[in-house]
Structures are given as structure tokens and as C-alpha cells.
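Report on one structure; see the data block that follows.
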Amino acid sequence: MNILVTGGAGFIGANFVYLELKEHPEDRIVCVDKLTYAGNLETLKKAMQCDNFRFVKADICDRKAMFDLFAEENFDIVVNFAAESHVDRSIENPEIFLQTNILGTQVLMDASKEYGVKRYHQVSTDEVYGDLPLNRPDLFFTETTPLKTSSPYSSSKAGADLLVNAYHRTYGLPTTISRCSNNYGPYQFPEKLIPLMIANALAEKPLPVYGEGVNVRDWLYVEDHCKAIDLIIRNGKVGEVYNIGGHNEMKNIDIVKIICKALGKSEDLIVHVTDRKGHDMRYAIDPAKIHAELGWLPETRFADGIQKTIKWYLDNKEWWERIVSGEYQNYYDNMYGDRIKDVEK
Ligand code: NAD
Ligand code: DAU
């Protein structure tokens, strides 16, 4: 099968590329990524060595580029990870979120429709359900929970989800949607809670906890998310939504304390800062459907996953230090500037 993975130079997309190359060496993977500030080609260095992998630097909003690529590649499956993904950035500048997350999704679905793609999979988020109150631990997001968003980011993801459902119903596009909780693991950009706290703690910099730090997130090791998507694109039912989460709810402040302890750093580094505007209180996924229909269960316990993640950031300092310094953004031009035509073949 020929699989298009968009946003594969980002955190989850790259982990998915590596999972597919390992588990399905018979398939071909084409990665399209615009290489925004969040995309890092260094992450895909090993994938570039595989004959069944191709990287294309392009914007999913670029209709001509996408249609040309679909015409050339004749994809069987499209998995759309490409997105602006950071809530804080969406509060500062919503526009690019609407462009990439909604209009980019439309372009990909138009191309999928035109070229007869057998499965279009939209990688969505639990944030489309809004939040749950802290004092109702009995409540969880199911696939039928109404969409009720809080941030421009989550609104753009919900807008895309509605459009996916419309393309399925109106045009018969064979779609699936997955809505996952917070991921952690290797290659996460150090603007998100866990890698940011690891990087700051190692540098003995303040650890900025928003508000009281009592907001709850439902953490899942990234490989478990990727395995769930792999199951959905191959065995999931067309037209369906699947929630993905591992029943692992934790308060932000507790996560930060775990990181301090693991790195032998003082909790005195923790600083409570002004809260995020519209900050969601609690996310909690009910993953019963994907378990019952596809047999998916998370394999990595948080206690193990967080140690593996911390070790990865310790072992791969160069990867994130180049991001923190901004140097990584020159990587593409330095490494591929003249050779780009070869890279894109
Ligand atoms: P990320 O920000 O690390 O990566 C996004 C990637 O998309 C980057 O490589 C970026 O260059 C690329 N991109 C952005 N705009 C593009 C465009 N216009 N054209 C082509 N490429 C573009 O994000 P992530 O955390 O890996 O998230 C991936 C997907 O998973 C997103 O759709 C996000 O909404 C969803 N998701 C994330 C989480 C999480 O915890 N990180 C949880 C659930 C769902
Ligand atoms: O739930 C899935 C979502 O998880 C994804 O759809 C998003 O793409 C992803 O970014 C993530 O969103 P969050 O807003 O939950 O993740 P973030 O890492 O930005 O923040 C996690 C929690 O930690 C949140 O309550 C805000 C808080 N926080 C975050 C940062 C960066 C802090 O207290 N301090 C910080 O410096």
C-alpha cells in the first residue's frame, strides 16, 4: 500500500512514520510536511535511508501541489497529522490554525476524493469535546459527547472533524477520525509541557506552571497512539470516530514534580505563572469503543513511559538543544538546499 502521512516531521507523525516502516516494510510511506517551526527534518534522518520512504516539503493548503502529488502517487491511504498544534500559539494568532487545520484538511479530502483514496484518516484530538469538571471523576468523553471547544486550536480541529463527516456523508469519502488525549514521548517539540519542563529543569531554569497546576490531562505514550491509528486505518469502520486514551489522568503539578524528582532537581524551580486564557480543566477519554471493536489497549504504563521519555531527552540533547537555539531551522537548507530535487524523488 502507498500511504501519505502529512505532518510526519512533527512529533506524532514522525513516531507514526517509524512505526509503519518497522511494522509494515511492504508498504511505501510518503511524508508531506511544510516544515513549520514545529517540523524538524532531522527527526526523519533515519527514515530517509529507507527505499520505501519519500519526503516532500509542501503545504497541505497548496491545492496544486497536493493534486499533483496525488496524481503522481496514487495513494491508498491518507493519514492527516499536519496541523498547528499548540493551544497557546492559537490564542495569540488564530488565523494560521484555521488555514492549516480546516482548509488544509479540505484540500486533502478534495484530492482524496478526486484520486479515489481508499481511506482518509483525520488525526483529531480530545480537545474537541471541551473540558470536564474536576469534581466529576465519573464523567468521560465518549465518541457521542457533543463538540464544545474552548480555544481557537480546538475549534479549528472540531471544524475539520465536522468537514470530514460532511465529506463522508455528502460525497461518500471513506473517512475515519481518531480523537486522542495528550501524548508524550520522543521527538516532542519543547514548547509542550513535558519536554519544556525537562529542558528547563536540566538548565536549572524556572518551571512555569500555569495557575495552580491542578488541571488534569490524560497522558498516553506516543507509540500507543500510533499503534491505535495503525489499527484504525487498516481495520476501523468507515465513517466512524474512535477515541484513544489510556485512563491515565494526572494533574500538571504532579507531572512537573515527577520530572524534578527523576532529574534530581529541586521543586523550588517551580514557579506558578498567569493561567492560560480559557484553560480547560480536565480531559478524560473513554476508550471502550476502540478496545471492543479493534482490540486496542495501551501497552506503556505512565511510570515506564515517563522514564523512557526523560532518558530519550537526556540521550538526545543535541536534537532539542538545536531547537531551543533555533539552529535546527537551518538544517533543511544546509543539508538539502542543493540536493532537494534528489530528496523529493
Ligand atoms: P506537531 O506540532 O509536533 O507537528 C505538526 C507537523 O505538521 C509539523 O511537522 C509541521 O511542520 C507540520 N505542518 C504544520 N502545518 C502544515 C501545513 N500547512 N502543511 C504541511 N505540514 C504542516 O504536532 P503533533 O503534536 O505531532 O500533533 C500531530 C497531530 O495530532 C495534530 O493534528 C494534533 O492536532 C493531533 N493531536 C496531538 C496530540 C498531542 O498530544 N500532541 C494529541 C491528540 C491529537
Ligand atoms: O489533549 C490533546 C492535546 O494535548 C493536543 O490536541 C494538543 O495538540 C497538545 O498540544 C496538547 O494540548 P495541551 O494544551 O493539553 O498541552 P500542553 O503541553 O500545551 O499543556 C499541558 C498542560 O500543561 C495544560 O494544562 C497547560 C499546562 N502547561 C503547559 C505549558 C506549556 C503549563 O502549566 N505550563 C507550560 O509551560
Side-chain angles (χ1 to χ4, degrees), residues 5-16 31-41 43-44 56-62 65-66 79-91 96-97 99-101 103-105 107-108 122-129 131 141 150-151 153-154 156-157 160-161 178-185 187-197 199-200 206-220 222 225-226 229 243-245 250-253 255-256 270-276 278-285 332:
V5 176
T6 69
F11 165 45
I12 309 173
N15 278 282
F16 183 75
C31 168
V32 161
D33 200 295
K34 184 182 172 184
L35 298 181
T36 67
Y37 80 93
N40 187 348
L41 204 53
T43 304
L44 291 174
V56 179
K57 182 177 188 285
D59 185 338
I60 59 164
C61 301
D62 183 340
M66 290 305 108
V79 188
N80 182 24
F81 290 94
E84 289 292 333
S85 69
H86 193 37
V87 173
D88 292 321
R89 287 179 188 256
S90 82
I91 294 167
I96 184 71
F97 284 75
Q99 272 166 12
T100 291
N101 299 1
L103 298 178
T105 297
V107 168
L108 291 173
Q122 178 73 3
V123 181
S124 185
T125 167
D126 61 356
E127 296 201 14
V128 299
Y129 299 122
D131 63 352
F141 298 136
S150 312
S151 71
Y153 162 69
S154 54
S156 68
K157 294 296 287 185
D161 283 11
S178 54
R179 295 180 180 145
C180 189
S181 57
N182 285 62
N183 284 214
Y184 67 101
Y187 299 118
Q188 187 166 30
F189 195 86
E191 66 184 350
K192 305 283 167 60
L193 181 75
I194 288 179
L196 183 138
M197 294 300 169
N200 281 18
L207 307 178
V209 170
Y210 298 166
E212 295 299 306
V214 293
N215 306 64
V216 169
R217 297 293 182 265
D218 183 358
W219 294 94
L220 184 71
V222 63
H225 182 188
C226 294
I229 293 174
N243 281 355
I244 308 170
M250 300 192 62
K251 285 184 198 155
N252 295 339
I253 187 74
I255 299 261
V256 179
I270 295 173
V271 181
H272 290 272
V273 299
T274 310
D275 212 346
R276 174 184 279 174
H279 198 171
D280 281 336
M281 286 316 299
R282 170 176 170 248
Y283 302 146
I285 282 278
Y332 185 82

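Whatever order the structure lists them in is the order used to number ligands and atoms, beginning at 1.
- Checking only distances, T100 does come within under 3.5 Å of ligand 1, N or O to N or O.
- For atom 23 (O) of ligand 2, the closest heavy atom belonging to the protein is N252 ND2, 3.3 Å.
- Of the options I194, D59, N182, the smallest heavy-atom separation from atom 18 (N) of ligand 1 is shown by D59.
- Between A82 and ligand 1, a contact under 3.5 Å exists for no N or O pair.
- The residue from A14, A83, A38 that puts a heavy atom closest to atom 5 (C) of ligand 1 is A83.
- Residue N80 places no N or O, backbone or side chain, under 3.5 Å from any N or O of ligand 1.
- The nearest heavy-atom contact from the protein to atom 5 (C) of ligand 2 is Y153 OH, 3.6 Å.
- Near T125, meaning under 4.0 Å from one of its heavy atoms, ligand 2 places the atoms 1 (O), 2 (C), 3 (C), 5 (C), 6 (O).
- For atom 34 (N) of ligand 2, the nearest non-hydrogen atom of the protein is P208 O, 2.8 Å.
- Residue-to-ligand polar distances keep T125 apart from ligand 1: every N/O pair is separated by 3.5 Å or more.
- Here the options are L220, N243, D126, I229, the test is side chain to side chain contact (heavy atoms under 4.5 Å, CB included), and the partner is C180; only L220 passes.
- Within the structure, the closest approach of S124 to ligand 1 falls below 4.0 Å when heavy atoms are considered.
- Near V209, meaning under 4.0 Å from any of its heavy atoms, are these atoms of ligand 2: 33 (O).
- Residue contacts with ligand 2, taken as heavy atom pairs separated by less than 4.0 Å, involve R276 solely via side-chain atoms from C-beta onward.
- If you number the atoms of ligand 2 from 1 as listed, the ones under 4.0 Å from a heavy atom of Y283 come out as 1 (O), 15 (O).
- For atom 21 (C) of ligand 2, the closest non-hydrogen atom of the protein is L193 CB, 3.9 Å.
- Contacts of F11 with ligand 1, taken as heavy-atom pairs under 4.0 Å, involve both backbone and side chain.
- Atom 1 (O) of ligand 2 has its nearest heavy-atom neighbour, among N200, V123, D126, in D126.
- Proximity of E127 to ligand 2, defined as any heavy-atom pair under 4.0 Å, is confined to the side chain (atoms from C-beta onward).
- Figure legend: cation-pi geometry between R217 and Y184 absent, as NZ or CZ is not positioned both under 6.0 Å from the six-membered ring centre and within 45° of its axis.
- Polar contact check, V32 against ligand 1: no nitrogen or oxygen pair lies under 3.5 Å apart.
- Proximity of I60 to ligand 1, defined as any heavy-atom pair under 4.0 Å, is shared by backbone and side chain alike.
- The two residues E84 and Y37 have their closest heavy-atom pair at OE1-CE2, 3.8 Å.
- Residue contacts with ligand 2 include E191, since one or more of its heavy atoms lies under 4.0 Å from the ligand.
- For atom 25 (O) of ligand 2, the nearest non-hydrogen atom from the set R282, H279, K192 belongs to H279.
- Contact annotation for N182 and ligand 2: heavy atoms of both the backbone and the side chain come within less than 4.0 Å of the ligand.
- Taking only non-hydrogen atoms, the option from T43, V123, I229, T36 nearest to atom 13 (N) of ligand 1 is T36.
- Remark: minimum distance from atom 9 (C) of ligand 2 to any protein heavy atom is reached at S85 O, 4.0 Å.
- Residue R179 does not touch ligand 1, judged by heavy-atom distances below 4.0 Å.
- An N or O contact shorter than 3.5 Å is missing between F189 and ligand 1 by distance.
- The atoms of ligand 1 that sit less than 4.0 Å from any heavy atom of S85 are 1 (P), 2 (O), 23 (O).
- Ring geometry for F16 versus F81: interplanar angle of 30 to 60°, hence tilted.
- Contacts between W219 and ligand 1 below 4.0 angstrom, taking non-hydrogen atoms only, are absent altogether.
- At a heavy-atom cutoff of 4.0 Å, ligand 1 is contacted by no atom of N101, backbone or side chain.
- Other residues, nucleotides and ligands contribute only 12 or fewer heavy atoms inside 6.0 Å of the NZ atom of K251.
- Of the N or O atoms in H225, none lie within a sub-3.5 Å distance of an N or O in ligand 1.
- Residue H86 has at least one heavy-atom neighbour below 4.0 Å for each of these atoms of ligand 2: 19 (O).
- Atoms of ligand 1 lying under 4.0 Å from any heavy atom of S181, numbered from 1 in the order shown and given with element: 42 (C), 43 (C).
- Protein heavy atom in closest approach to atom 29 (C) of ligand 2: Y210 CE1, 3.6 Å.
- The shortest separation from a heavy atom of Y153 to ligand 1 is under 4.0 Å, placing the residue in contact.
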